[in-house]
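Chain letters run A, B, ... following the sequence lines, proteins first and then strands; every chain starts at 1. Predicted, not measured: the structure shown is a model, and the values here were computed from it.
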Number of protein chains: 2
Amino acid sequence: MAHAKRSEFTEAEQQLAAVAKALSHPARVAIVRLLAARNACVCGELVSELPLSQSTVSQHLKELRAAGLVQGEISGPRTCYCLAPAGWELARRLWGELLAALPPEASSCDC
Amino acid sequence: MAHAKRSEFTEAEQQLAAVAKALSHPARVAIVRLLAARNACVCGELVSELPLSQSTVSQHLKELRAAGLVQGEISGPRTCYCLAPAGWELARRLWGELLAALPPEASSCDC
DNA sequence: AGGGCTTATCGTATGTTTACGATGGCAAAG
DNA sequence: CTTTGCCATCGTAAACATACGATAAGCCCT
């Protein structure tokens with residue numbers, strides 16, 4: 001009966017939550033940063049840069065890809081990953097909308 | 001043995017992941033938006049605005065507070081919640097840093 | 001075809017999240 | 001002092017996430 005109420009929220013809320021979820025693990029943030037740093041694609045280099053096993057990295061990549069933040073191309077025997085511009089565009093927009101809805105500045109609590 | 005590798009990542013990566021985790025559920029995004037909309041504080045109004053039970057909402061609020069995105073003050077018999085500017089400032093900064101590290105524009109994959 | 005490398009997936013163990021009802025504490029009202 | 005109302009926490013059940021090793025799948029080279 002748990003995890004069953006997600007459908008009762010806004011589309012935007014669910015999308016933003018999905019993006020946030022994809023980045024809700026340090027390993028995935030690290031992967032994104034690595035991909036951004038090389039700006040080009042990397043494959044199993046990620047594994048050697050991270051303190052995680054190959055299968056775990058692969059699993060994180062799968063989630064990032066499912067969230068639309070990363071795309072991968074099979075290039076010969078290895079797989080080439082890179083950031084997916086469309087996904088980041090959406091993420092940027094959603095996050096921007098949320099921030100825009102926030103109170104202007106340090107207008108904290110007035111209760 | 002699971003969930004034990006989090007300490008092997010950057011401070012910034014962990015912080016960003018924590019913020020993302022706090023927003024990784026539609027209900028919490030919805031709560032943030034409600035708090036932003038009323039710009040002031042609300043209490044159990046949240047419960048009546050959300051398709052969730054009181055205890056569940058309280059639990060989500062606890063997580064948002066733990067992440068530093070929301071602060072609550074006990075005001076008489078009810079509790080008054082509002083967004084925590086400091087937490088959002090940090091979130092804004094971390095997210096901005098990540099976006100800044102991304103490839104300039106639609107410079108997708110070049111493999 | 002076969003050997004070797006890289007990556008994905010499977011199976012599995014353990015921890016975390018999510019949700020709810022029920023219980024308890026605390027302040028204002030009576 | 002008791003009652004009322006609000007909120008947090010406890011207890012619990014089911015689902016999900018995380019990590020790893022092991023196994024399969026795919027491509028390249030000889």
Checklist entry - Ignoring hydrogens and angles, are the base of dA8(D) and the side chain of Gln54(B) linked by a donor-acceptor pair under 3.5 Å? => result yes
Item to check | Glu63(A) with Lys21(A): basic N within carboxylate O range, under 4.0 Å | outcome: no
Next on the checklist: Does the plane of the ring in His25(B) sit parallel, tilted or perpendicular to the ring in His60(B)? Use 30° and 60° as the thresholds.
Outcome noted: tilted
Checklist entry - Across the strands shown, which category fits Ser58(A) at heavy-atom distances under 4.0 angstrom: base, sugar-phosphate, nothing? => result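 Base, at least one base atom sits under 4.0 Å.
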Checklist entry - Just checking Glu63(A): base, sugar-phosphate only, or nothing, at a heavy-atom cut-off of under 4.0 Å? => result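 The answer is sugar-phosphate, as Glu63(A) gets under 4.0 Å only of primed atoms, P, OP1 or OP2.
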Closest to side chain of [X], choosing from [options]:
X: Ser53(A); options: dT18(C), dC20(D), dT6(C); result: dC20(D)
X: Tyr81(A); options: dA8(C), dA22(C), dC6(D); result: dA8(C)
X: Thr56(A); options: dC28(D), dT17(C), dC20(D); result: dC20(D)
X: Lys62(B); options: dC6(D), dA19(D), dT9(D); result: dT9(D)
X: Leu52(B); options: dC20(C), dT7(C), dT18(D); result: dC20(C)
X: Ser55(A); options: dT7(C), dT18(D), dA22(D); result: dA22(D)

Checklist entry - Between Leu64(A) (CG) and dA8(C) (C1'), how many Å, whole number? => result 16 Å
Item to check | Side-chain (Gln59(A)) to main-chain (Thr56(A)) donor-acceptor, under 3.5 angstrom | outcome: no
Checklist entry - In terms of hydrophobic clusters joined by side-chain contacts under 4.5 Å, are Val70(A) and Leu99(B) together? => result yes
